[in-house]
Novice: 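Input: one structure, supplied below.
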Amino acid sequence: MKLHQFGILFIILAAVYLLGISYKKQLVVDMKREYERMNQCLETAVDDSAGALLSSTTGRTIIYSKNEAVNRFYGSLYSSLGITDQPMMQARIQQCTPIFIVTDEDGFYVLYSQVEENEKYSSMKKCWSEKYYFVYEDEYFVYRFTFGSIVTIYDKHHLVEDKTNQSIITLDYHQVNTAPEYASFRTKHPSHFLLNEHRYQLIRQHTIMEVLEKKMKYYINQHNYVVKQCGIEYECFLPETDNALYAREVDQYSILVLFQGYPLKDEKHYFNRFDFVGAKMRQKNAYYLEKRKWYLCYHKVDCPLIQSGQVKVDYNNPIFSEEDAAKHGAYGCKKCLPQSIPEPE
């Protein structure tokens with residue numbers, strides 16, 4: 001082979017090499033853009049979903065719709081991806097969503113995957129779970145925590161000398177430190193976490209995270225089984241998260257979505273994301289009604305009279321505005337609501 005032929009061969013090989021590098025670089029750029037686009041689409045869908053979870057309050061009822069939230073999530077995602085008229089792609093998106101969780105005041109629901117059999121093939125359908133509560137137990141009580149200061153306890157050994165003599169008590173945990181009926185408990189169990197603000201918050205948040213993660217792992221494993229029946233081999237998993245951020249975001253009405261296994265254009269890499277965000281519209285400040293001799297009085301949740309145990313309120317039926325209080329003929333507490341309609345003398 002002559003020298004100029006070696007030169008031509010070298011130029012051809014160099015061109016092929018450079019084209020390969022250029023192709024790989026372009027592939028990386030394209031994948032990065034696709035990943036960014038998917039991130040934006042999913043973030044928008046989760047935000048839209050959270051915005052639909054709580055719409056308004058009316059009387060004593062929070063309008064809370066988990067179905068509206070999940071419909072808004074998928075509708076937003078289908079629209080962003082341009083697949084509103086592509087049922088097969090929509091089904092693929094749902095296969096990439098192993099869990100969709102909505103939380104409320106004292107628990108959560110999971111939208112999970114289930115196998116649906118027919119004569120020709122297996123398919124996947126989505127179902128809502130029962131409601132799961134944030135339950136913790138020690139030697140004294142069984143506790144059902146909320147995202148606020150209200151807790152329901154089951155008194156296993158009748159340690160609390162409550163006037164109602166009930167085993168199940170709903171209260172603001174601050175009352176245990178101040179109310180007369182808990183004096184005996186304070187004396188006998190001075191180191192109990194109900195009497196310590198910091199320990200109470202740690203145990204409450206740990207219980208919420210533990211219950212959520214346990215159920216998420218269970219339903220992710222179930223999803224992996226379901227999609228295998230549909231011919232998909234990708235296995236979803238629960239990623240590690242920043243516990244501080246996690247606790248802060250879900251400490252309210254919120255949406256948690258795990259999206260995994262969505263194939264990118266090269267069909268070798270997958271888009272994965274775990275997202276959680278608080279509902280856009282939080283419920284208004286709650287007020288609680290106290291029944292007096294011939295009228296009702298409403299209090300803020302942190303009213304000193306409640307926390308000191310001087311008054312008893314109905315924690316099971318909060319109201320969410322002073323207008324609602326007026327509709328019930330309730331007067332404002334002089335202590336915590338001095339600017340409201342005053343109580344009768």
Side-chain angles (χ1 to χ4, degrees), residues 101 103-110 129-221 238 240-244 246-254 256 286 288 290 299 301-318:
I101 293 175
T103 66
D104 66 9
E105 186 64 26
D106 59 354
F108 61 97
Y109 300 86
V110 184
S129 71
E130 63 181 312
K131 184 175 180 179
Y132 296 110
Y133 294 94
F134 305 122
V135 176
Y136 174 78
E137 184 174 1
D138 62 16
E139 63 269 35
Y140 306 114
F141 305 112
V142 178
Y143 312 82
R144 194 172 80 189
F145 293 115
T146 68
F147 284 126
S149 60
I150 308 303
V151 60
T152 297
I153 60 175
Y154 168 63
D155 188 354
K156 296 192 288 186
H157 307 297
H158 301 286
L159 300 176
V160 176
E161 298 174 1
D162 188 86
K163 294 177 183 178
T164 60
N165 200 31
Q166 295 179 340
S167 296
I168 299 176
I169 307 166
T170 299
L171 72 159
D172 184 316
Y173 76 92
H174 294 101
Q175 291 179 252
V176 183
N177 257 315
T178 54
E181 58 264 39
Y182 306 118
S184 176
F185 178 78
R186 291 195 294 270
T187 301
K188 294 177 181 178
H189 308 282
S191 62
H192 193 274
F193 77 86
L194 281 173
L195 303 173
N196 184 295
E197 173 81 19
H198 180 65
R199 287 185 60 213
Y200 178 87
Q201 294 299 341
L202 284 178
I203 290 174
R204 184 184 69 86
Q205 287 192 359
H206 175 76
T207 300
I208 290 173
M209 296 301 103
E210 185 177 54
V211 174
L212 275 169
E213 290 185 3
K214 181 179 179 180
K215 292 301 178 184
M216 284 193 287
K217 288 177 180 177
Y218 171 81
Y219 283 113
I220 288 171
N221 288 336
L238 183 63
E240 293 184 5
T241 57
D242 181 342
N243 286 337
Y246 194 14
R248 184 171 66 250
E249 287 292 336
V250 300
D251 199 12
Q252 56 177 303
Y253 288 92
S254 54
L256 296 90
Y288 296 96
E290 172 204 2
H299 303 262
V301 66
D302 57 353
C303 177
L305 297 180
I306 294 178
Q307 296 188 1
S308 65
Q310 296 179 53
V311 300
K312 296 289 184 182
V313 295
D314 182 3
Y315 284 113
N316 295 316
N317 294 292

Novice: Answer yes if the ring centres of Tyr200 and Phe145 are under 6.0 angstrom apart, and no otherwise.
Specialist: yes
Novice: Using every non-hydrogen atom in the two residues, find where Ile306 and Gln175 come nearest and quote the distance to one decimal.
Specialist: O-CG, 3.1 Å
Novice: What is the distance from atom NZ of Lys215 to atom OH of Tyr132, rounded to the nearest 0.5 Å?
Specialist: 4.5 Å
Novice: Compare every heavy atom of Ser129 with every heavy atom of Tyr109, then report the nearest pair and how far apart it is.
Specialist: CD2-O, 3.6 Å
Novice: Give, for atom CD1 of Ile150 and atom CD of Glu105, the distance between the pair rounded to the nearest 0.5 Å.
Specialist: 8.5 Å
Novice: Can you name the residues that form a side-chain hydrogen bond (donor to acceptor under 3.5 Å, both in side chains) with Lys131, not counting sequence neighbours?
Specialist: Asp104, Asp106
Novice: Which heavy atom of Val110 sits nearest to which heavy atom of Ile101, and what is that distance?
Specialist: CG2-CG1, 4.0 Å
Novice: Is there a donor-acceptor contact under 3.5 Å from the side chain of His174 to the main chain of Glu197?
Specialist: no
Novice: Within the supplied structure, the quantity of interest is the number of heavy atoms (other residues, nucleotides, ligands) at a distance under 6.0 Å from His157 NE2; does it exceed 12?
Specialist: yes
Novice: At their closest point, which heavy atom of Ile208 faces which heavy atom of Thr146, and how far apart are they?
Specialist: CD1-O, 4.4 Å
Novice: Where is the tightest heavy-atom contact between Ile169 and Leu171, given as atom of each residue plus distance?
Specialist: O-CD2, 3.9 Å
Novice: Do Val135 and Val142 come close enough that some side-chain heavy atom pair is under 4.5 Å?
Specialist: yes
Novice: Using the side chain to side chain contact (heavy atoms under 4.5 Å, CB included) rule, take Phe108 and Val211 through it: C-alpha gap first, then chi angles, then the decisive distance, then the call.
Specialist: CA-CA 10 Å; Phe108 61 97; Val211 174; 3.6 Å; yes
Novice: If we ignore hydrogens and angles and just use 3.5 Å, is the side chain of Arg199 paired with the main-chain N or O of Ser191 as donor and acceptor?
Specialist: yes
Novice: How far does NZ of Lys312 sit from CD of Glu181, to the nearest 0.5 angstrom?
Specialist: 3.5 Å
Novice: Under a 3.5 Å distance rule, please check whether Ser254 uses its side chain to pair with a backbone N or O of Thr103 as donor and acceptor.
Specialist: no
Novice: Is any side-chain heavy atom of Tyr182 less than 4.5 Å from a side-chain heavy atom of Leu195?
Specialist: no
Novice: Under a plain distance cut-off of 3.5 Å, with no hydrogens placed, do Tyr154 and Glu137 share a side-chain donor-acceptor pair?
Specialist: no
Novice: State, to 0.1 Å, how close Asp314 and Tyr288 come at their nearest heavy-atom pair, and which atoms those are.
Specialist: O-CD2, 3.5 Å
Novice: Surrounding NZ of Lys156 (heavy atoms of other residues, nucleotides or ligands, distance under 6.0 Å), is the total greater than 12?
Specialist: yes
Novice: Is the side chain of Arg204 donor-acceptor paired with the backbone N or O of Phe134 at a distance under 3.5 Å, no angle test?
Specialist: no
Novice: List for me each residue that meets side chain to side chain contact (heavy atoms under 4.5 Å, CB included) alongside Asp138, sequence neighbours excluded, and say none if there are none.
Specialist: Tyr136, Tyr140, Phe141, Tyr143, His192, Phe193
